[in-house]
Amino acid sequence: MKNNILLIISFAITSCVTSEKLDDKVITTKDESNVIQKIIEVNENDEFLEFLDQDWNKNLNENPLFASYIGDKRLNDKINPNTIEQYLVERRSEIASLNQLQKIDISKLSKENKLNYKLKEFGLSSSIGLTNFPTYYLRLNQRGGIQSFYETGNRLVYSSKQDYLDWFSRLSQFPKNIYTALEINKEGLTKGITQPKIITEGVIKQIDAILNVDTDKNPYLKVFIDADESLFSLNEKRQLIDKVKDLIINEINPAYNALNNFLKNEYIVNSRKTIGISNVPDGKEYYEYLAKYYTTTNLTPNEIHEIGLNEIKRIRSEMEDIIKQVNWDGDFNSFLNYLRTSPRFYYDNSEDLFNAYLIMSKTIDPLLTKIFKVFPRAPYGVIPIPDESAPFTTTAYYNSPSPGRPGYFYANLYKPESRPKYEIPVLTVHEAVPGHHFQISIAQELENVPMFRKYQGITAFIEGWGLYSEELGEYIGIYEDPYDKFGQLTYDMWRAIRLVVDTGIHYMDWSREDAINLFIENSAKSILDINNEVDRYIGWPGQALAYKIGQLKILELRKRAEDKLGEKYDIKDFHHEVLKRGSLPLDILENYIDEWIYDTMNS
């Protein structure tokens, strides 16, 4: 792409030679037989915005599922293959985009476009860096993947008969991806790049659950059973359901059966016994990159480990103050055991647990005016995590809104007797409002920004804000007793422990037992939660580092603003300044907060 596009305009004028400056365009005229060639330098900003528009459309064409998620149905009946070749195609595409971007002169861009440039470059460079390691050998994950593609369908919006037919078409393509997963993992075995046995065991159990259920209750059938009957005649819906059942019985289940047999009889038998990513070829270097990728900093795994240890000490001290406040006459460990085992802290059925989440979310909503001045328009709901994956996943997660679909806070209702009441307030502020739903919806509703900015997910910012939001529960008064506050500290401790456990497992050869014991000794998390959490870190190296590092940066910036601005400080203004540009790398966020502090001080 040329940096300067020259437009040549010829027209007749009287004999003269002139030089004019009109706004940012320099126009030179020269008498050549009454024909003037005006050479206009097109603004670099226009070229940059054209690149972003073209690249966005390229991304939608190359990622049909993502396009559907955001309401673009241009390829609504397609899924990408999960082959290694497709992985390399996507890598080459991102490298081409980065090369094209870097031909643009950032110094000639407006202030707003300088930020757009930096964020686009950051996103492309970070993603390309990940592809330097063959992550396609490590896609098996008990928290989601080839065994839970049905959840993709559950998250799409169906507003016409064609939408259901498109999803059926996608499912018809899916068995091929199951067989491809088998072949890729077989190749990974030969190269010594496998998931640990504990991760594969969870995947096998989930595939078993799909294969062993009656066809009428198969999770791939749910979308069609629940299909809007106003879009079909009764006979049309029945015929479509019959076609889906036939697909499940004759194509999807046989593919799953082949994959499951391979996992049980070859893969898990021969895969590694170790749990850390450093134990696979080039794994240590990969983890060092992951630490930078997820935190957007240059912190090393050893430095992150130390930050975690210091945070554990700090939070433990606050926990011990609460234990004194409730007049507990035992030690720290006996208090944790009391929280884990006393029936007063647990519901005995999933319905009451679910209702408590609903009530808490509606309790929080009207309180947010105390600390925010801008609010998202998108609604959100609370729904259970699917039964098939609930036993193997964490306490909760969030899925962002899309056109025609609200955001959803997914709550885990499996074994309610292991899910304490004192976690409900802190979990709700993290996953719903003012946490993930609040922040992500505001980003998606940004105006006058390129489309990629609305959907750029920088983990340290997103999860850092989610964890920061837990502390805001105290500002809005939802921690009504010392046990609720202890629940918030438990979640803060949980993220501090993550720093130590994740780096310990993947960089320092910690065992699974080492990680579990650190949790048991320092948090009131239930044993079921602790096991699932540790297994999550084993299967998803590095991601757990983002939460606490992001939260600490936001807290540091808030303290700086409070100290420097004094009476001019308003927490509503601070929150608006943090959120108003969407998700940012932490260094760029810090630059903007410092600029805001300076401007406010001198206003």
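When only modelled atom types and interatomic distance are considered, Tyr338 and Arg344 share a side-chain donor-acceptor pair under 3.5 Å. Thr395 and Asp529 share a donor-acceptor pair across their side chains, judged by distance under 3.5 Å alone. Checking Ser334 against Trp328 by side-chain atom types alone, a donor-acceptor pair falls below 3.5 Å.
Although no hydrogens or angles enter the test, the distance criterion places no donor-acceptor pair under 3.5 Å between the side chain of Arg405 and the main chain of Leu156. Glu445 places a side-chain N or O within donor-acceptor distance of the main-chain N or O of Ala378, the cut-off being under 3.5 Å. Using a distance-only test at 3.5 Å, with no hydrogens or angles considered, no donor-acceptor pair links the side chain of Ser441 to the main chain of Phe438. Listed for the Lys197 side chain is a donor-acceptor partner under 3.5 Å among the backbone atoms of Ser271. No donor-acceptor pair under 3.5 Å is formed between the side chain of Lys525 and the backbone N or O of Thr490. With Arg419 contributing its side chain and Glu423 its backbone, the two residues share no donor-acceptor pair below 3.5 Å. Remark: the backbone N or O of Gly539 is paired with a side-chain donor or acceptor of Asn141 at under 3.5 angstrom. Within the 3.5 Å criterion, the main-chain N or O of Phe519 finds a donor-acceptor partner in the side chain of Ser523. The main-chain N or O of Tyr293 is never found under 3.5 Å from a side-chain atom of Ser126 such that the two would form a donor-acceptor pair. Within the 3.5 Å criterion, the main-chain N or O of Ala390 finds no donor-acceptor partner in the side chain of Thr393.
The cationic atom of Arg155 (NZ for Lys, CZ for Arg) lies less than 6.0 Å from the six-membered ring centre of Tyr410 and within 45° of the ring axis.
Applying side-chain hydrogen bond (donor to acceptor under 3.5 Å, both in side chains) to Tyr398 and the options Glu431, His437, His430 leaves one that passes, His437. Here the options are Arg495, His436, Lys548, the test is side-chain hydrogen bond (donor to acceptor under 3.5 Å, both in side chains), and the partner is Glu463; only His436 passes.
In this structure, CZ in Phe354 is found 11.0 Å from CD1 in Ile359, a value given to the nearest 0.5 Å.
Put simply, the side chain of Leu467 does not reach to within 4.5 Å of the side chain of Trp494, judged on heavy atoms. Residues Leu499 and Thr503 fail the side-chain proximity criterion, which asks for heavy atoms closer than 4.5 Å. Side-chain contact between Val223 and Tyr150 is absent, with no heavy atoms from C-beta onward closer than 4.5 Å. Taking the side chain as every heavy atom from C-beta outward, Leu565 and Ile597 approach each other to under 4.5 Å. Taking 4.5 Å as the limit, every side-chain heavy atom of Leu472 sits out of range of all side-chain heavy atoms of Val429. Residues Thr394 and Arg143 meet the side-chain proximity criterion, which asks for heavy atoms closer than 4.5 Å.
A salt bridge does not link Glu320 to Lys324: none of the charged side-chain nitrogens sits closer than 4.0 Å to a carboxylate oxygen. The pair Glu556-Lys553 meets the salt-bridge criterion, with a side-chain N (NZ, NE, NH1 or NH2) lying under 4.0 Å from an Asp/Glu carboxylate O.
Contacts of Lys362 classified as salt bridge (charged side-chain N to carboxylate O under 4.0 Å, His left out), with partners at least two apart in sequence or in another chain: Asp365. Applying the side-chain hydrogen bond (donor to acceptor under 3.5 Å, both in side chains) test to Gln195 and every residue at least two apart in sequence or in another chain returns nothing.
Relative orientation of the Trp465 and Tyr468 rings is tilted, given thresholds of 30° and 60° on the angle between their planes. Aromatic ring pairs are classed by plane angle as parallel below 30°, tilted from 30° to 60° and perpendicular above 60°; the pair Phe335 and Tyr483 is parallel.
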